[in-house]
Amino acid sequence: MVKLRLKRCGRKQRAVYRIVAIDVRSRREGKDLRKVGFYDPMKNQTYLNVPVILDFLEKGAQPTETVQNLLKKAEVFKELPFNQTKFN
C-alpha cells in the first residue's frame, strides 16, 4: 500500500519536509516512489504537485493525517470526485 507522508530534511532545529509517495513498510527516511511536494513549517510555505498527487489518490494512496490537513488547506480535495474524498 502506498501512503503520502512527510519525509524530514534540513538541519537540526530547522526541519523542512518533503511530501512523498512511499510504501507503507518503508522507514520515514527510506526510498520514496516519488516526491510530490514540499512543506516548510518555519516559513509556512507549501509547494504541491497537484496533478501527481491527484493521480496517486485516484490509484488508492492514503495520505497521513498531517498531509491530509495540508491538502485540505490547499483545497486539493475539491478536484476529486465526491466518492474518493473519504480516506481510511
Q: Applying side-chain contact (heavy atoms from CB on, under 4.5 Å), run through Q62 and L4 and close with a yes or a no.
A: CA-CA 6 Å; Q62 298 288 314; L4 297 176; over 6 Å; no
Q) Given the rule that I, L, V, M, F, W and Y join up when any side-chain heavy atoms are under 4.5 Å apart, are Y39 and Y47 in one cluster? A) no
Just list the side-chain donor-acceptor pairs under 3.5 Å for residues 8-23, sequence neighbours left out, or say none.
| unit_1 | atom_1 | unit_2 | atom_2 | d |
| --- | --- | --- | --- | --- |
| D23 | OD2 | R25 | NE | 3.0 |
| D23 | OD2 | R25 | NH2 | 3.1 |

Q | Straight-line distance of L57 CG to Q68 CD, nearest 0.5 Å | A | 9.0 Å
**Q.** Connected via hydrophobic side-chain network under 4.5 Å: L33 and I53
**A.** yes
Q) Among the clusters formed by ILVMFWY side chains lying less than 4.5 Å apart, do L54 and V2 turn up in the same one? A) yes
Q) Looking at CG of D55 and CG of N49, how far apart are the two atoms once the value is rounded to the nearest 0.5 Å? A) 10.0 Å
Q: Kindly determine whether K3 and T64 satisfy side-chain contact (heavy atoms from CB on, under 4.5 Å), including the steps that lead there.
A: CA-CA 7 Å; K3 279 206 174 228; T64 60; 4.2 Å; yes
(Q) Under the rule for side-chain contact (heavy atoms from CB on, under 4.5 Å), what residues qualify as partners of Q45, not counting sequence neighbours? (A) D40, K43
Q. With hydrophobic residues grouped by side-chain heavy-atom distances under 4.5 Å, do F38 and L48 end up in a single group?
A. no
Q. Quick one: salt bridge (Lys or Arg N to Asp or Glu O under 4.0 Å) pairs with a partner in residues 60-71, sequence neighbours left out?
A. none
Q: Identify the residue among K7, K31, R5 that makes a side-chain contact (heavy atoms from CB on, under 4.5 Å) with S26.
A: R5
